[in-house]
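Presented below is the structure to which this report refers.
Each ligand, and each atom within it, is numbered from 1 in the order the structure gives. Note that this is a predicted model, so its numbers are computed, not measured.
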Amino acid sequence: MHFSGASTGISPNWGFWAHRRINRLAVFRLPESIQVFYKKHIEFLTENAVNPDRRRYAVMGEAERHFIDLDVYGDSALNILPRYWKNAVEKIGEDSLRKHGIVPWYVQTAAFQLTEAFKEKDPKKILRISADIGHYIADAHVPLHTTRNYNGQLTGQEGIHGFWESRLPELFAQGYDLWIGEAAYIAHVPTQIWETVAASHAATDSVFIFEKQLTEEFDPDKKYSYELRNNILTRTYSKEFSSRYHQMLAGQVQRRMKDAVKMVGDMWYTCWVNAGQPNLDQIEDFSLSLEDKKQQAAEQQSWIRRLFHVRTEGEN
Ligand SMILES: [Zn+2]
């Protein structure tokens, strides 16, 4: 039997559950003219919401698209960092940027690609990039995706990453009200995504402070519990500890998740508008070719292998 610590860092993003949920809910926010197409492919968008995570270990250049370690650039990172990729490369250098994460720039790139896909009326591209950009936008809403202390490893709080983005949504998100209303046009995508990572980063203080506070006053024997997951006995934060922490955060996880749903829907809609509002009824039906399916299966396999590898290595 494998014991998997909560601190293995194997859950680098919103849990798969949250990613799927965010893409799915975003579909229902779209105006009629574009919703028909998205609804038809809602299962694709839901399932492929986690593709970028599956690719993380298989594709060079993928990992850095999911985060930005703002604190690496000091207290005034948000004033120092150029809004646009080109300027950022000139100022900081590409290697350094990639090392510390590029999510606010990559979302802009993906938005450009999605707009192009709409112009080309290429259904496969539209759906693939829509699913991907939904993932990156959701990641940008996670406070722990904006700090180099992303798993509490610098403050003795290892495991906090998966705790916040997987465990808490798993336990409590069923009760969240994530309904927002119809999608709105994003006037300026770069401003929007930078405001998003700024808001995520501003939330990191309470993420760390409350966990520390609670740990200090909590019976250490009751902080964790063991649960059987896929036949693996897994150490996880106990329900009691999770519930208290969730209360202290006072709706933070719900707010970030809700904002993510909003921005994903807004982004799909905005790219469609920017492409000149192409009539999506005219887009031919498409289904995944055998090649597509093979590639997906291969990505999944490599991800599973990697996951297992990390788990066994991470045992203490
Ligand atoms: Zn991710």
- [ ] Answer yes or no: are there more than 12 heavy-atom neighbours, outside Asp219 itself, under 6.0 Å from its atom CG?
- [x] yes
Among N, O or S atoms, Asp139 approaches the Zn ion (ligand 1) most closely through OD2
Between Ser130 and Tyr38, is a side-chain hydrogen bond (donor to acceptor under 3.5 Å, both in side chains) present by the stated rule, with each step listed?
CA-CA 9 Å; Ser130 292; Tyr38 274 80; 2.8 Å; yes
The Zn ion (ligand 1) has as its nearest N, O or S atom from Asp53 the atom OD1
Do Phe67 and Met60 land in one hydrophobic cluster if side-chain heavy atoms of ILVMFWY residues count as linked below 4.5 Å?
no
- With a cut-off of 2.8 Å, does any N, O or S atom of His66 fall short of it relative to the Zn ion (ligand 1)? yes
In Lys222, Arg167, Glu211, the residue satisfying side chain to side chain contact (heavy atoms under 4.5 Å, CB included) with Phe241 is Glu211
Q | Metal site the Zn ion (ligand 1): N/O/S of His135 inside 2.8 Å | A | yes
